[in-house]
Amino acid sequence: MSEDKSASHLDARSPWVLDTRELGRRAGLSRAVQRDVEVTKPLGVPDVIVVPEGAKVELDLLLESVVEGVLVTGTAAAPVTGHCSRCLDPISDEVEVDLTELYAYPDSTTEETTDEDEIMRLVDDRIDLEPAVRDAVVLALPLAPLCTDDCAGLCSECGVKWADLEPGHGHETIDPRWAALVERFDENPASGPDKQA
């Protein structure tokens, strides 16, 4: 019954789950893994920048058996979409992150001396890459994405993108203390001292 529990806990059919049995818990053995995994939920900050649902994450990894578990190193790359935080134009780019994660063997010293959330663990000789990849990708995404490093954003008066405006673009601003006086002159342009005579 415990086998069924752990099998449902870590779905062997998931493309994120890797079987490490062939490493045989013998330190020094390694295996390369390359695969594309489809994202089923967007990764990132919705309406800002995300790895969109349906996108493929390219994994290029090395699994190495070490004394305390399986060390996973390599890279994960994925397309990202979002909006520029200054001008709101759509952005398409790619994020690539380096991964280094130790998955501890059950009953290893590492497993026994670390808290549940401090280190990943092997379950039935399988490892789940999704949490490590998800965390690394989300942390690598910019908090304020830009379409270009020198994006000037939008004009605060008219909301048009500065890059699309003529050089010298500006708006006449009137000090609010003088606004009523300016309005009065605009209403009676013909009135003046010589008109009263």
Side-chain angles (χ1 to χ4, degrees), residues 6-106 110-111 114 116-151:
S6 56
S8 63
H9 174 65
L10 216 58
D11 184 359
R13 295 167 299 173
S14 168
W16 293 103
V17 174
L18 300 179
D19 194 331
T20 66
R21 278 177 291 190
E22 68 184 58
L23 297 177
R25 292 199 184 197
R26 291 178 51 205
L29 294 179
S30 64
R31 172 167 71 105
V33 174
Q34 283 92 25
R35 65 171 61 175
D36 292 347
V37 182
E38 188 174 313
V39 174
T40 55
K41 287 188 284 190
L43 304 177
V45 182
D47 300 323
V48 178
I49 191 161
V50 295
V51 175
E53 182 179 342
K56 301 276 188 185
V57 178
E58 295 176 24
L59 301 174
D60 186 4
L61 306 171
L62 181 68
L63 277 58
E64 296 177 89
S65 182
V66 294
V67 174
E68 292 295 307
V70 175
L71 182 66
V72 177
T73 55
T75 60
V80 294
T81 60
H83 291 89
C84 176
S85 61
R86 291 185 188 156
C87 71
L88 307 180
D89 274 2
I91 296 173
S92 292
D93 204 355
E94 184 175 274
V95 63
E96 182 171 319
V97 293
D98 293 321
L99 300 170
T100 303
E101 195 73 47
L102 175 66
Y103 291 79
Y105 290 133
T110 301
E111 200 234 14
T114 55
E116 185 95 17
D117 58 350
E118 280 185 297
I119 196 162
M120 304 288 190
R121 276 129 167 103
L122 276 94
V123 177
D124 292 340
D125 292 315
R126 295 189 182 100
I127 59 177
D128 184 4
L129 297 170
E130 186 174 16
V133 172
R134 180 190 61 231
D135 292 351
V137 167
V138 170
L139 288 172
L141 295 175
L143 293 174
L146 298 175
C147 56
T148 60
D149 289 340
D150 60 349
C151 176

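Remember, it's a predicted structure, so these values are computed and weren't measured experimentally.
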Chemist: Short question: side chain of Arg31, backbone of Glu22 - any donor-acceptor pair under 3.5 Å?
Modeler: no
Chemist: Strictly distance-based, threshold 3.5 Å: is any side-chain N or O of Thr20 a donor or acceptor partner for the main-chain N or O of Asp125?
Modeler: yes
Chemist: Enter the distance from Leu99:CG to Leu62:CG here, rounded to the nearest 0.5 Å.
Modeler: 12.0 Å
Chemist: Side chain to side chain contact (heavy atoms under 4.5 Å, CB included) between Glu58 and Gln34: does it pass, once the steps are laid out?
Modeler: CA-CA 7 Å; Glu58 295 176 24; Gln34 283 92 25; over 6 Å; no
Chemist: Looking only at heavy atoms, which two atoms of Ile91 and Pro145 are closest? And how far apart?
Modeler: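 The pair with the smallest heavy-atom distance is CD1-CB, 3.8 Å.
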Chemist: Atom CG of Leu88 and atom SG of Cys147: how far apart are they, to the nearest 0.5 Å?
Modeler: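 The SG atom of Cys147 is 9.5 Å from CG of Leu88, to the nearest 0.5 Å.
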Chemist: Do you know the tightest heavy-atom contact between Tyr105 and Ser65?
Modeler: OH-OG, 3.0 Å
Chemist: Would you please test Leu129 and Leu61 for side chain to side chain contact (heavy atoms under 4.5 Å, CB included) and show each step?
Modeler: CA-CA 10 Å; Leu129 297 170; Leu61 306 171; 3.6 Å; yes
Chemist: Name all residues meeting the side chain to side chain contact (heavy atoms under 4.5 Å, CB included) criterion together with Leu146; count only those two or more places apart in sequence or in a different chain, and write none if there are none.
Modeler: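 For Leu146, the residues satisfying side chain to side chain contact (heavy atoms under 4.5 Å, CB included) (neighbours in sequence not counted) are Cys84, Ser85, Arg86.
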Chemist: For Val138 and Gly44, which heavy atoms make the closest approach, and how far apart are they?
Modeler: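 Smallest interatomic distance, heavy atoms only, reads CG2-N, 3.8 Å.
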Chemist: Once you round to the nearest 0.5 Å, how far does CD of Glu130 lie from CG of Leu43?
Modeler: 7.5 Å
Chemist: Hey, which of Leu18, Leu102, Leu63, Leu59 is the one that makes side chain to side chain contact (heavy atoms under 4.5 Å, CB included) with Val72?
Modeler: Leu63
Chemist: Exactly one of Val51, Val39, Val80 should register a side chain to side chain contact (heavy atoms under 4.5 Å, CB included) with Val137. Which one does?
Modeler: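 Option passing the side chain to side chain contact (heavy atoms under 4.5 Å, CB included) with Val137: Val51.
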Chemist: Working note: Ile127 + Met120, criterion side chain to side chain contact (heavy atoms under 4.5 Å, CB included); need CA distance, chi angles, decisive distance, verdict.
Modeler: CA-CA 8 Å; Ile127 59 177; Met120 304 288 190; over 6 Å; no
Chemist: As an exercise, state the distance from CD1 of Ile49 to OG1 of Thr81, rounded to the nearest 0.5 Å.
Modeler: 7.5 Å
Chemist: What are the two closest heavy atoms between Val97 and Ala140, and how far apart are they?
Modeler: CG1-CB, 3.4 Å
Chemist: Considering the options Leu71, Val123, Leu122, which one meets the side chain to side chain contact (heavy atoms under 4.5 Å, CB included) requirement together with Tyr103?
Modeler: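 Result for side chain to side chain contact (heavy atoms under 4.5 Å, CB included) with Tyr103: Leu122.
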Chemist: Does the side chain to side chain contact (heavy atoms under 4.5 Å, CB included) test come out yes or no for Asp124 and Arg126, once each step is laid out?
Modeler: CA-CA 5 Å; Asp124 292 340; Arg126 295 189 182 100; 4.0 Å; yes
Chemist: Quick one: closest heavy-atom pair of Asp47 and His83, and the distance?
Modeler: O-ND1, 4.3 Å
Chemist: Which heavy atom in Arg35 sits nearest to a heavy atom in Pro15, and how many Å separate them?
Modeler: NH1-O, 2.6 Å
